[in-house]
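Keep in mind that the numbers below use all heavy atoms, side chains included, and drop hydrogens, waters and symmetry copies. Every chain is numbered from 1 and lettered A, B, ... according to where its sequence line falls, protein lines coming before strand lines. Not measured: the values here are computed from a predicted model.
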Amino acid sequence: MNSFEQEIAEALAATGSFEKEAALKLISVPPDTSHGNFTIPCFSLAKVMRKAPKMIAEDLAAQVKLPAGLSKVEAVNGYLNFFIDRGFLAKSTLEEIAAKGLEYGYAAPNGKVVCIDFSSPNIGKELAFHHLRSTMIGNSLSRIYKAAGYKVERINHLGDWGTAFGKLIVMYLRENRPTDDATLDSLTVKELNILYAAFSKASKEEPGLEDEARAAFTKLEQGDEFYRKLWTAFRAATLKELMRIYDMMGVGFDHYTGESFFEDKIPAILDELREKNLMVKSQDLDVVMLDEFDLNPCLIRKSDGSTLYATRDLAAACYRKKEYNFDKCLYVVDLGQALHFKQVFHVLKKMGREWYKDMYHIPFGVILQLVDGKWEKGKTRTGTASLLRDVIEAAQKKILEFIDEKNPNLENKELIARQIGISALTFNDLKNSRLKDVRFDWDAVMSFEGDTGPYVQNAHVRLCSIMRKAGIERANLAAAIKDVNFAELTDDAAYSLINLLAKKGEKILGAVAGDEPSVLAQYALEIAEAAHKFIHEDRVLGSPEEKSRLFLVQATQIVLENVLDLLGLFPIRQM
RNA sequence: GCGGAUGUAGCCCAACUGGAUAGAGCGUUUGGCUACGAACCAAAAGGCUCCAGGUUCGAGUCCUGGCACCCGCACCA
């Protein structure tokens with residue numbers, strides 16, 4: 001907690017040995033609580049003070065006047081360790097949770113706007129397992145940023161424009177599929193996926209097919225009515241399935257402004273590039289040179305005049321700045337596209353958009369799949385990627401077997417099984433740092449023991465179960481705290497748990513600082529572990545400390561529920 | 001070739017951004033349900049943190065040079 005650090009710094013300043021600011025900078029958190037809650041390593045002071053670190057720590061320990069709420073200060077091997085009084089920590093932490101409820105640990109609104117571009121799948125293809133990463137990292141980040149005080153614009157930059165549609169159109173017509181309204185209306189994304197795979201197979205034997213697809217897209221871009229009609233049908237079919245899955249996963253967006261949305265905003269960008277003499281011809285292409293940044297040129301237009309990915313991203317960035325006036329704009333996209341974003345950001349810089357430095361690519365490692373004995377990037381195009389809906393279905397089925405064994409009479413068990421399954425997949429994605437590559441392995445993904453979503457959810461369920469047995473449906477913390485005797489919450493198990501609950505605010509800020517949901521995922525594991533231990537060691541119902549302990553159960557449930565929510569997991573109450 | 005990411009226990013990962021004895025989970029071995037939910041708890045074993053140098057009171061973390069693996073590099077998005 002900040003106030004403790006402030007007070008420790010002041011107390012140290014009062015000894016006359018150093019300035020408050022300097023002291024504040026030195027304060028850190030020891031690796032485990034046996035060394036206290038705060039510590040000052042005295043090694044760096046040795047030179048200035050001309051004393052051994054051990055002596056410095058001992059002298060300071062003798063001189064410093066302990067601020068209120070701290071119970072002990074001790075010098076160990078050159079470290080000056082401060083201990084918080086357990087009863088004091090319990091009181092201050094639990095009172096704050098009682099006052100703030102689910103929003104305990106949230107930062108006050110800071111008036112800043114952050115745009116988060118995530119998920120952004122390509123239309124015409126089914127969601128593959130690897131789409132889960134951007135979707136769930138972005139979903140979680142958008143919740144975490146909100147908790148940190150930002151106004152968040154969640155943007156799904158659908159890949160609904162580009163040569164890919166040329167491919168679909170070419171293949172659709174080549175197979176002589178009917179193009180009446182009724183048939184087009186009933187198109188499914190599954191069929192489109194098959195068309196894609198067929199195209200990529202056919203184009204291997206017929207190199208001319210790629211050109212045909214490019215020509216088809218150019219025709220579409222030029223406004224051909226028939227092609228437009230096909231495109232609309234392809235888009236609608238994909239969107240329908242997409243919404244079904246987002247719904248299932250509890251993911252939502254504020255804007256579905258796909259690439260096609262920026263079609264009519266591109267000419268202005270091209271004009272500006274020309275006016276500023278930034279666009280040059282190279283190999284029959286329009287490009288912006290980026291030599292001065294040690295980057296390859298950014299491709300703006302193909303030789304036939306149609307636009308590219310980067311062009312539409314430029315238009316999108318300018319539109320977003322104008323429309324939302326963001327302070328930060330995040331792109332949650334895999335690491336493989338780092339170069340693309342670097343190029344786009346630098347073109348913006350050359351265009352004189354000073355806000356280019358507020359643009360951040362939030363990269364993450366790729367999902368690798370075993371193809372013919374080698375780990376490689378799964379590709380929806382060639383059909384080597386596992387489909388997200390298949391993975392979700394398999395997870396649900398597996399969890400359902402678990403439920404049938406442990407709790408067969410559970411109501412709504414199909415729904416709960418799916419929620420646990422989706423949460424497990426999500427947690428698996430969020431618990432590690434973003435940049436690690438993930439090797440997709442069915443057995444590993446379908447294992448639900450140990451450091452997993454179900455482990456965290458189970459802790460939450462057990463807390464809810466105790467509350468239910470005590471006749472509490474929904475915690476009313478403000479009323480219940482009157483009966484708490486904080487001295488009864490100072491044993492090791494209770495203290496460890498409370499000490500963790502007290503860190504919620506700093507964990508939220510830590511997750512935002514690194515754009516890392518894993519900070520909160522690891523935190524959720526720590527709370528779950530401490531909660532399991534607490535209810536295992538400290539009997540709640542029927543014990544002399546029942547009221548105090550029951551309050552801690554409720555406070556933990558509230559914190560855990562919200563942390564699960566910030567991660568985008570379902571905080572279920574029974575399983 | 002150039003650029004980027006990663007490398008920590010048999011496997012998969014942490015380590016609060018340079019601090020104390022490098023921590024969890026899976027797997028292995030063992031103990032605990034007539035028990036507020038055992039999807040749990042407890043214990044044991046398991047480490048030259050890829051290699052070689054450097055920076056300093058102190059390096060898994062920073063710098064240099066290698067090695068391994070993955071990704072990207074002109075008309076896909």
**Student:** Each nucleotide in nucleotides 37-44 of chain B should get exactly one letter: B, S or -. Can you fill that in based on protein heavy atoms under 4.0 Å?
**Tutor:** BSBSSS--

**Student:** Could you give the CG-to-P distance, from A:Asn432 to B:U6, as a whole number of Å?
**Tutor:**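 For the pair A:Asn432 CG and B:U6 P, the rounded distance is 13 Å.
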
**Student:** How many whole angstroms separate atom CG of A:Leu435 from atom P of B:U6?
**Tutor:**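 Rounded to the whole Å, the gap is 5 Å.
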
**Student:** Base, sugar-phosphate, or nothing: which does A:Pro53 touch, judged by heavy atoms less than 4.0 Å apart?
**Tutor:**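 Nothing, no nucleic acid heavy atom in range.
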
**Student:** Over all strands shown, is A:Gly365 touching base, sugar-phosphate only, or nothing at heavy-atom distances under 4.0 angstrom?
**Tutor:**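 A:Gly365: no heavy atom of the nucleic acid under 4.0 Å.
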
**Student:** Need one value for A:Arg301: base, sugar-phosphate or nothing, where a base atom within 4.0 Å counts as base even if backbone is also close, heavy atoms only.
**Tutor:**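 It contacts nothing in the nucleic acid.
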
**Student:** Reckon A:Ser303 touches a base, only the sugar-phosphate, or nothing at all at heavy-atom distances under 4.0 Å?
**Tutor:**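 Result for A:Ser303 = base.
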
**Student:** With both distances kept under 3.5 Å, what pairs with B:G19, Watson-Crick or G-U wobble?
**Tutor:**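 Looking at the geometry, B:G19 pairs with B:C57.
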
**Student:** Heavy atoms only, 4.0 Å cut-off, all strands: where does A:Leu285 land among base, sugar-phosphate and nothing?
**Tutor:**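 The residue A:Leu285 makes base contact.
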
**Student:** With a 3.5 Å limit on both atom pairs, tell me what B:A68 is paired to, counting Watson-Crick and G-U wobble, or say none.
**Tutor:**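 By the stated definition (distances under 3.5 Å), B:U6 pairs with B:A68.
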
**Student:** Donor-acceptor pair under 3.5 Å: do we get one between A:Asp284's side chain and the base of B:A74?
**Tutor:**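 In this structure, the two groups form no donor-acceptor pair.
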
**Student:** Mark yes or no: A:Lys342 above the aromatic ring of A:Phe293, with NZ or CZ under 6.0 Å from the six-membered ring centre and no more than 45 degrees from the axis.
**Tutor:**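 No; the conditions do not both hold, so A:Lys342 does not lie above the ring face of A:Phe293.
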
**Student:** I want to verify a distance call: between B:G4, B:A20, B:G19, whose nearest atom is closest to the A:Ser44 side chain?
**Tutor:**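 Closest nucleotide among those given: B:G19.
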
**Student:** Under 3.5 Å, side-chain donor or acceptor atoms of residues 409-420 of chain A against the rest of the protein: list the pairs with distances, not counting sequence neighbours.
**Tutor:**
residue, atom, partner, partner atom, Å
A:Lys413, NZ, A:Asp404, OD1, 2.7
A:Lys413, NZ, A:Pro408, O, 3.1

**Student:** Determine all donor-acceptor pairs shorter than 3.5 Å in which one atom belongs to a side chain in residues 297-307 of chain A; sequence neighbours excluded.
**Tutor:**
residue, atom, partner, partner atom, Å
A:Arg301, NE, A:Asp286, OD2, 3.0
A:Arg301, NH2, A:Asp286, OD2, 3.2
A:Lys302, NZ, A:Thr163, OG1, 2.8
A:Asp304, OD1, A:Ser306, N, 2.9
A:Asp304, OD1, A:Ser306, OG, 2.8
A:Asp304, OD2, A:Thr218, OG1, 2.6
A:Thr307, OG1, A:Glu221, OE2, 2.9
A:Thr307, OG1, A:Arg312, NH1, 2.8

**Student:** Can you tell which of B:G25, B:C36, B:A5 lies closest to the side chain of A:Val540?
**Tutor:**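 Shortest atom-to-atom distance from the side chain points to B:C36.
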
